[in-house]
Q: 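First, the structure itself, so that you have it in front of you.
Hydrogens, waters and symmetry mates play no part in the numbers below; they use all other heavy atoms, side chains included.
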Amino acid sequence: MEEKQYVSYRLRPMDREMIPQIVRLERENFSLPWTEEMLLEELESLNSSCIAAVTEDGTVLGYASLTVVLDEGYINNIAVRADCRRQGIASALLRVFLRFARAQQLAFLTLEVRESNAAARALYDRFCFQEVGRRKNYYDKPAEDAILMTRYLTAGEEGTE
């Protein structure tokens, strides 16, 4: 068995120069990927936060986006390059959003995940997200239900993950 090579990265706010790499990342990860226009709109929205895991040479390894409406946080996407998974990148991105949510006193963070995406569901379970519902046939290519998962935040909560 080949030993996995861990890559050094830092988290930083997403910028326009990263968009082409993130478009490729979207295509690699999702059957209905966000377009360049959608990503630019998200990046420019005053209600959204987009962060990326980037190597020293500017290679984007993963990214995440969050939209805030009043005191609610909606995680839109978390995506990591296939060759960089299981290195803690998605966890690092999620931790940033949890810290942000606490600092902004959000009531909760919520997201949808494919029912069959066991790895993502396990990640969200580790971060104390609870299954709160289901959207029937939410996803296309292939058709599949979305599981709604929510992490409720309480005043004074200290970091479980």
Side-chain angles (χ1 to χ4, degrees), residues 7-30 32-82 84-85 87-114 117 119-133 135 138-139 146-161:
V7 181
S8 177
Y9 63 90
R10 61 188 170 93
L11 299 180
R12 54 179 279 223
M14 196 169 97
D15 62 37
R16 294 177 71 88
E17 288 73 40
M18 296 176 191
I19 296 289
Q21 291 185 72
I22 292 173
V23 167
R24 286 193 296 278
L25 192 57
E26 279 280 320
R27 288 183 186 140
E28 176 184 310
N29 279 277
F30 304 114
L32 292 172
W34 283 20
T35 64
E36 180 175 342
E37 294 76 23
M38 293 166 77
L39 289 163
L40 284 168
E41 187 176 308
E42 187 74 5
L43 186 61
E44 294 169 1
S45 171
L46 296 177
N47 296 326
S48 295
S49 175
C50 304
I51 53 177
V54 183
T55 64
E56 196 171 306
D57 71 0
T59 302
V60 175
L61 306 179
Y63 95 102
S65 71
L66 171 76
T67 299
V68 175
V69 178
L70 301 173
D71 68 342
E72 304 171 356
Y74 297 89
I75 297 175
N76 303 307
N77 289 336
I78 296 181
V80 176
R81 281 179 30 169
C84 296
R85 291 187 187 138
Q87 295 187 34
I89 295 170
S91 292
L93 293 165
L94 199 48
R95 273 189 205 96
V96 169
F97 284 160
L98 279 167
R99 282 194 304 268
F100 173 85
R102 287 185 195 107
Q104 297 302 309
Q105 298 180 330
L106 299 184
F108 61 82
L109 290 177
T110 194
L111 54 86
E112 292 107 359
V113 61
R114 275 187 183 271
N117 192 342
R121 290 177 68 185
L123 170 71
Y124 304 135
D125 281 342
R126 280 198 321 274
F127 280 85
C128 302
F129 280 75
Q130 303 166 20
E131 185 175 326
V132 296
R135 296 191 200 279
Y138 181 79
Y139 293 105
I147 303 300
L148 294 168
M149 298 187 78
T150 299
R151 165 78 183 260
Y152 296 96
L153 303 165
T154 57
E157 173 190 22
E158 285 306 315
T160 333
E161 271 286 348

Q: If you round to the nearest 0.5 Å, how far is CZ of Phe108 from CZ of Phe129?
A: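 One gets 11.0 Å once the value is rounded to the nearest 0.5 Å.
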
Q: For Ile89 and Cys84, which heavy atoms make the closest approach, and how far apart are they?
A: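 Distance-wise, the nearest heavy atoms are CD1-O, 3.7 Å.
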
Q: Should we count CD of Glu28 as having more than 12 external heavy atoms under 6.0 Å?
A: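 Yes, CD of Glu28 has more than 12 neighbouring heavy atoms, counting only those of other groups under 6.0 Å.
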
Q: So, for Ala64 and Ile78, which heavy atoms are closest and what is the spacing to 0.1 Å?
A: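 Scanning both residues completely, I find the closest heavy atoms to be CB-CG1, 3.8 Å.
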
Q: Quick one: does any side-chain atom of Arg151 pair with a main-chain N or O of Phe127 as donor and acceptor, under 3.5 Å?
A: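 Here the side-chain-to-backbone pair exists.
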
Q: Using a 3.5 Å distance criterion without hydrogens, assess whether the side chain of Gln21 forms a donor-acceptor pair with backbone atoms of Gly58.
A: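 Present.
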
Q: Using 0.5 Å steps for rounding, measure from the CG atom of Leu109 to the OH atom of Tyr152.
A: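 Between Leu109 CG and Tyr152 OH, I get 11.5 Å after rounding to 0.5 Å.
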
Q: Measure from the side-chain N and O atoms of Thr55 to the backbone N and O of Tyr9, and report whether any donor-acceptor pair falls under 3.5 Å.
A: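 A pair under 3.5 Å: no.
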
Q: To the closest 0.5 Å, what do you measure between CD (Glu41) and OG1 (Thr35)?
A: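 The CD atom of Glu41 sits 8.5 Å away from the OG1 atom of Thr35.
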
Q: Please find the pair of heavy atoms, one from Ala120 and one from Val113, that lie closest to each other, and give the distance.
A: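 In this case the closest contact between Ala120 and Val113 is CB-CG2, 3.7 Å.
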
Q: Within this structure, what is the OG-CD distance for the pair Ser49 and Glu42, rounded to the nearest 0.5 Å?
A: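 Reported to 0.5 Å precision, the distance equals 9.0 Å.
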
Q: Using a 4.5 Å cut-off on heavy atoms from C-beta on, say whether the side chain of Arg16 contacts that of Leu43.
A: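 A side-chain contact exists here, since the closest heavy-atom pair is under 4.5 Å.
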
Q: Are Tyr63 and Glu26 close enough that a side-chain donor and a side-chain acceptor fall under 3.5 Å?
A: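 Judged by distance alone, the side chains do pair up.
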
Q: Does Met149 reach the side chain of Leu111, with side-chain heavy atoms less than 4.5 Å apart?
A: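 SC-SC contact between Met149 and Leu111 confirmed.
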
Q: What's the shortest heavy-atom distance between Arg121 and Glu131, and which atoms?
A: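 Looking at all heavy atoms of both residues, the shortest contact is NH2-OE1, 3.2 Å.
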
Q: For the CZ atom of Arg27 and the CD1 atom of Ile22, what is their distance to the nearest 0.5 Å?
A: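 The CZ atom of Arg27 sits 13.0 Å away from the CD1 atom of Ile22.
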
Q: Are Phe100 and Val68 side-chain neighbours, meaning at least one heavy-atom pair lies under 4.5 Å?
A: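 A side-chain contact exists here, since the closest heavy-atom pair is under 4.5 Å.
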
Q: Can a donor-acceptor pair be found between the side chains of Ser45 and Asn47 at a distance below 3.5 Å?
A: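 The criterion, which ignores hydrogens and geometry beyond distance, is not satisfied for Asn47 and Ser45.
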
Q: Determine the minimum heavy-atom distance between Arg81 and Val60, stating which atoms define it.
A: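 Nearest pair, atom of Arg81 first, then Val60: CD-O, 3.4 Å.
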
Q: Is any side-chain heavy atom of Asn117 less than 4.5 Å from a side-chain heavy atom of Tyr139?
A: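 Of all side-chain heavy-atom pairs linking Tyr139 with Asn117, none is under 4.5 Å.
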
Q: Quick check for you: to the nearest 0.5 Å, what is the distance between Leu148 atom CG and Tyr138 atom OH?
A: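 Taking CG in Leu148 and OH in Tyr138, the distance rounds to 8.5 Å.
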
Q: Between Gln87 and Val7, is there a donor-acceptor pair closer than 3.5 Å when you use the side chain of the first and the backbone of the second?
A: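 Yes, Gln87 side chain to Val7 backbone: donor-acceptor pair under 3.5 Å.
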
Q: Would you indicate whether the side-chain heavy atoms of Leu94 and Ile75 approach each other to under 4.5 Å?
A: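 Yes. Closest side-chain heavy atoms under 4.5 Å.
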
Q: Could you check Asn77, Ile51, Leu39 and say which one makes a side chain to side chain contact (heavy atoms under 4.5 Å, CB included) with Ser65?
A: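 The residue from Asn77, Ile51, Leu39 that satisfies side chain to side chain contact (heavy atoms under 4.5 Å, CB included) with Ser65 turns out to be Asn77.
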
Q: Among all residues two or more places apart in sequence or in another chain, which pass the salt bridge (charged side-chain N to carboxylate O under 4.0 Å, His left out) test with Glu112?
A: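 Checked Glu112 against salt bridge (charged side-chain N to carboxylate O under 4.0 Å, His left out); matches are Arg135.
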
Q: So which heavy atom on Leu123 is nearest to which on Ala90, and how close?
A: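 Scanning both residues, the minimum pair turns out to be CD2-CB, 3.8 Å.
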
Q: Indicate yes or no: at least one non-hydrogen side-chain atom of Ser91 is less than 4.5 angstrom from one of Arg126.
A: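 They are in side-chain contact.
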
Q: I'd like to know whether Trp34 forms a side chain to side chain contact (heavy atoms under 4.5 Å, CB included) with Asn76, so could you lay out the CA-CA distance, the side-chain angles of the two residues, the decisive distance to 0.1 Å, and finally the verdict.
A: CA-CA 10 Å; Trp34 283 20; Asn76 303 307; 3.7 Å; yes

Q: Is it true that atom CD of Glu44 has more than 12 heavy atoms of other residues, nucleotides or ligands lying nearer than 6.0 Å?
A: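 Atom CD in Glu44 is crowded, with more than 12 foreign heavy atoms closer than 6.0 Å.
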
Q: Using a 6.0 Å cut-off, check whether atom CG of Leu70 has over 12 heavy atoms from anything other than its own residue.
A: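 Incorrect, the count does not exceed 12.
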
